There are 2 protein chains.
Amino acid sequence: MKNKSNLNINQFLKHISLDCVVFGFHENQLKVLLLRMKKTQEWALPGGFVQEDESMELAANRVLKVRTGLDHIFLNQFHVFSDPERSNINPAVPDVLEFGITFNDADWFNQRFISVGFYALVEFSLVQPKPDLLSDICEWISLDEIGSLMMDHRQILDKALETLRLQLVFQPIGYNLLPEKFTMPELQKLYETILGKELDRRNFQRKILAYNIISKLDEVRQGVPHKAPSLYRFNPENYQKALNEGLGGKW
Amino acid sequence: MKNKSNLNINQFLKHISLDCVVFGFHENQLKVLLLRMKKTQEWALPGGFVQEDESMELAANRVLKVRTGLDHIFLNQFHVFSDPERSNINPAVPDVLEFGITFNDADWFNQRFISVGFYALVEFSLVQPKPDLLSDICEWISLDEIGSLMMDHRQILDKALETLRLQLVFQPIGYNLLPEKFTMPELQKLYETILGKELDRRNFQRKILAYNIISKLDEVRQGVPHKAPSLYRFNPENYQKALNEGLGGKW
DNA sequence: GCAAAAGTGTTGTAGCTACACCCATGG
DNA sequence: CCATGGGTGTAGCTACAACACTTTTGC
């Protein structure tokens with residue numbers, strides 16, 4: 001008797017999928033959560049399909065809950081990818097009869113899919129990456145080590161980054177990507193990585209502090225060479241306000 | 001013999017639709033192209049379904065070509081609307097057997113649809129509004145005269161406006177909304193309408209001119225009371241550059 | 001004590017706001 | 001000649017960039 005898939009394909013909407021670009025920040029590097037496909041060894045973004053009774057946002061949350069173990073993830077849709085050629089031959093289609101997938105199911109997978117792109121910001125240390133049925137590895141890859149991806153996923157990633165860059169300029173992003181306590185140089189490095197350029201240490205500090213979205217703590221980071229940097233944390237009230245109203249200012 | 005619909009529903013993807021918020025500017029007012037549904041007399045956004053072999057962008061262009069007579073319209077997708085309740089009972093579903101629509105077709109219409117929102121900027125005077133099969137009127141309605149709309153179309157409109165506002169701040173929008181020749185006060189009124197606030201006449205002029213995206217002509221508007229305002233037109237090269245690089249600056 | 005990184009201050013300038021004034025036209 | 005609206009100029013302020021200097025710590 002075959003191992004049976006718990007996949008019931010009929011509960012999903014046809015033609016519609018979603019892909020998530022999950023960003024994390026660790027060791028002063030921006031990372032993205034990727035899966036390696038069993039069949040082709042290609043790397044891919046975590047994604048899935050929408051059920052009959054859920055919104056795209058709910059579906060993205062559901063998918064990411066399984067992939068990361070996290071609930072209530074910071075999520076934003078940023079673009080719909082609908083080029084009819086984007087998955088002319090879908091390399092992710094599982095082998096027939098594997099995982100209990102039938103001929104009919106394989107046909108279903110080979111349909112043309114329009115995909116809604118989401119980006120997510122998560123705290124690196126809280127994530128427990130788990131591969132899905134079609135992949136053998138799920139792990140964080142540094143942005144500068146990512147090469148080509150499955151299908152049009154590289155294009156999706158690039159668009160997510162572009163969007164993140166635009167958002168960063170007038171919304172405080174760090175809250176979701178950093179641990180509760182962090183140092184000013186860490187926050188700066190995050191900004192520099194996303195923006196793709198270096199910033200002046202002193203001007204950065206003054207600018208961030210002027211927004212009143214973070215508060216200095218009476219602690220310093222322990223066990224580092226040279227002068228110990230102070231720890232900060234986000235100020236929830238002002239942070240929420242800044243999220244709604246935007247920041248303004250040049251970067 | 002019944003009048004036969006030219007609609008072949010099987011050529012369309014299931015579950016996916018698109019809605020367009022078409023903006024035009026006329027008599028110093030921002031207007032939106034709306035349809036009045038035959039069945040319910042409700043106003044609705046022009047929209048449609050995606051064919052098997054086209055991208056969302058192509059589909060939106062196709063829909064708008066029929067609705068306005070225009071080709072190569074400036075179009076941007078801005079959000080996906082996927083609340084499962086957004087069309088619990090679809091009021092736009094045509095009466096069975098009307099327009100040659102069969103029982104099966106009616107079922108098809110009553111599916112749940114996820115809709116991709118597009119906004120379009122067009123030159124008012126070039127548009128020749130045409131109703132579709134399900135509507136009896138297609139016409140421009142001033143933004144401040146629009147009340148509630150069919151389904152969640154009001155929400156879609158509001159989101160489009162919000163997006164337009166954000167885009168306006170760092171991209172030159174006017175080109176697609178104004179005729180070839182226009183005056184400074186007209187351009188200003190357009191900005192004021194989109195931003196929803198008044199701007200200083202003199203500062204506006206200096207700021208716009210500083211971008212070098214428009215050129216003054218050796219003509220003035222004829223047949224107006226008081227001092228005749230100069231005519232301007234967009235400068236294609238610098239305009240394209242500004243589109244790519246953004247503008248920057250506060251509004 | 002020297003290198004490396006954190007913390008604080010200053011100064012010049014571009015760009016914005018908020019004005020005042022002049023010009024052209026119709027009644 | 002006056003009301004209305006277009007066109008141009010200027011003063012003050014803010015926010016940013018580009019700097020120099022001091023402090024703390026590991027080796």
Side-chain angles (χ1 to χ4, degrees), chain A residues 27-29 168-172 174 178 181-193 195-233 242 245-251, chain B residues 27-29 168-172 174 178 181-193 195-233 242 245-251:
Chain A
E27 290 174 341
N28 278 343
Q29 289 195 303
L168 185 67
V169 179
F170 69 104
Q171 282 198 348
L178 292 172
K181 298 173 181 180
F182 54 90
T183 68
M184 194 59 81
E186 283 162 9
L187 183 60
Q188 182 180 341
K189 198 72 193 172
L190 171 60
Y191 270 68
E192 290 181 334
T193 310
L195 292 174
K197 66 179 177 187
E198 300 198 340
L199 301 170
D200 184 283
R201 194 166 52 87
R202 305 151 276 204
N203 294 335
F204 177 80
Q205 175 144 341
R206 249 182 304 106
K207 193 159 181 173
I208 290 287
L209 289 177
Y211 291 140
N212 276 326
I213 53 172
I214 64 175
S215 306
K216 191 173 187 169
L217 303 175
D218 277 336
E219 299 175 67
V220 293
R221 171 124 304 167
Q222 305 288 349
V224 290
H226 316 299
K227 183 165 181 176
S230 292
L231 288 171
Y232 293 81
R233 67 171 164 72
E245 299 172 9
L247 293 178
K250 273 192 185 176
W251 291 94
Chain B
E27 288 174 343
N28 278 343
Q29 288 195 306
L168 185 66
V169 179
F170 69 105
Q171 282 198 350
L178 292 172
K181 298 174 181 180
F182 54 91
T183 69
M184 194 58 79
E186 283 162 8
L187 183 59
Q188 181 180 345
K189 198 74 193 169
L190 170 60
Y191 270 67
E192 289 181 336
T193 311
L195 291 174
K197 66 178 177 186
E198 300 199 339
L199 301 171
D200 184 282
R201 192 166 53 84
R202 305 152 277 206
N203 295 334
F204 177 80
Q205 176 144 341
R206 249 181 304 105
K207 193 159 182 173
I208 289 288
L209 289 177
Y211 291 141
N212 277 323
I213 52 172
I214 64 174
S215 306
K216 192 173 186 167
L217 302 173
D218 278 336
E219 301 174 64
V220 292
R221 171 125 303 168
Q222 305 290 349
V224 289
H226 315 301
K227 183 167 181 177
S230 293
L231 288 172
Y232 294 81
R233 67 170 164 73
E245 299 171 10
L247 293 178
K250 275 191 183 174
W251 292 93

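A quick note: this is a predicted structure, and the numbers were derived from the prediction, not measured. Proteins come first, then strands; the chains are lettered A, B, ... in the order of their sequence lines, and each starts at number 1.
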Q: From the options C/dG7, D/dG7, D/dG5, select the nucleotide whose nearest atom is closest to the side chain of A/P229.
A: C/dG7
Q) What is the nucleic acid contact for A/T183, judged by heavy atoms within less than 4.0 Å: base, sugar-phosphate only, or nothing? A) nothing
Q.
Can you work out whether B/K216 or A/D200 has the more 5'-proximal nearest nucleotide on DNA chain D?
A. B/K216
Q. Separation of B/I208 atom CD1 from C/dC16 atom C1', in whole Å?
A. 14 Å
Q. Out of C/dA6, C/dT17, D/dC21, which nucleotide sits closest to the side chain of A/P185?
A. C/dA6
Q | Heavy-atom closest contact (B/D200 atom, B/Q188 atom, distance) | A | C-NE2, 4.0 Å
(Q) Counting only side-chain heavy atoms from C-beta out, which of D/dG7, C/dA4, C/dC19 sits nearest to A/H226? (A) C/dA4
Q) Considering only side-chain heavy atoms of B/R206, which listed nucleotide, C/dT17, D/dG7, C/dG7, is closest? A) C/dT17
(Q) I want to check one thing: is the phosphate of C/dA6, taken as OP1 and OP2, less than 4.0 Å away from some side-chain N or O of A/Q205? (A) no
Q) What's the CG-C1' distance between A/L187 and C/dG7, to the nearest Å? A) 16 Å
**Q.** Nearest heavy atoms of A/L247 and A/P172, plus distance in Å
**A.** CD1-N, 3.8 Å
(Q) For a quick test of reading the model, state the closest non-hydrogen atom pair linking B/F182 to B/R233 and the distance between them. (A) CE2-CA, 3.8 Å
**Q.** A/L190 versus A/G174, closest heavy-atom pair with distance
**A.** CD2-CA, 3.8 Å
Q) Counting side-chain heavy atoms from CB outward, which of D/dG7, D/dA17, D/dA3 is closest to A/N203? A) D/dA17
Q) Please give, in whole Å, the distance from C/dC16 C1' to B/Y211 OH? A) 11 Å
Q: Please state how far atom CD in B/Q188 lies from atom P in D/dG7, giving the value in whole angstrom units.
A: 11 Å
Q. So, is A/S230 close to the C/dG7 phosphate, meaning a side-chain N or O under 4.0 Å from OP1 or OP2?
A. yes
Q: Using only heavy-atom distances, decide whether a donor-acceptor pair under 3.5 angstrom links the side-chain of A/R202 to the base of C/dA6.
A: no
Q. For the pair made of CG in B/L199 and C1' in C/dA18, what is the distance, rounded to whole Å?
A. 14 Å
**Q.** Length of the line joining B/K227:NZ and C/dA24:C1', which is rounded to integer Å
**A.** 5 Å
Q | Atom-to-atom span, CZ of A/F204 to P of C/dA5 - whole angstrom | A | 17 Å
**Q.** For atom CZ of A/R221 and atom P of C/dA6, their distance in whole Å
**A.** 12 Å
Q. D/dG7 base to B/R201 side chain: any donor-acceptor pair below 3.5 Å?
A. yes
Q: Could you tell me which non-hydrogen atom of A/T193 sits nearest to which non-hydrogen atom of A/N28, and how far apart they are?
A: OG1-O, 4.3 Å
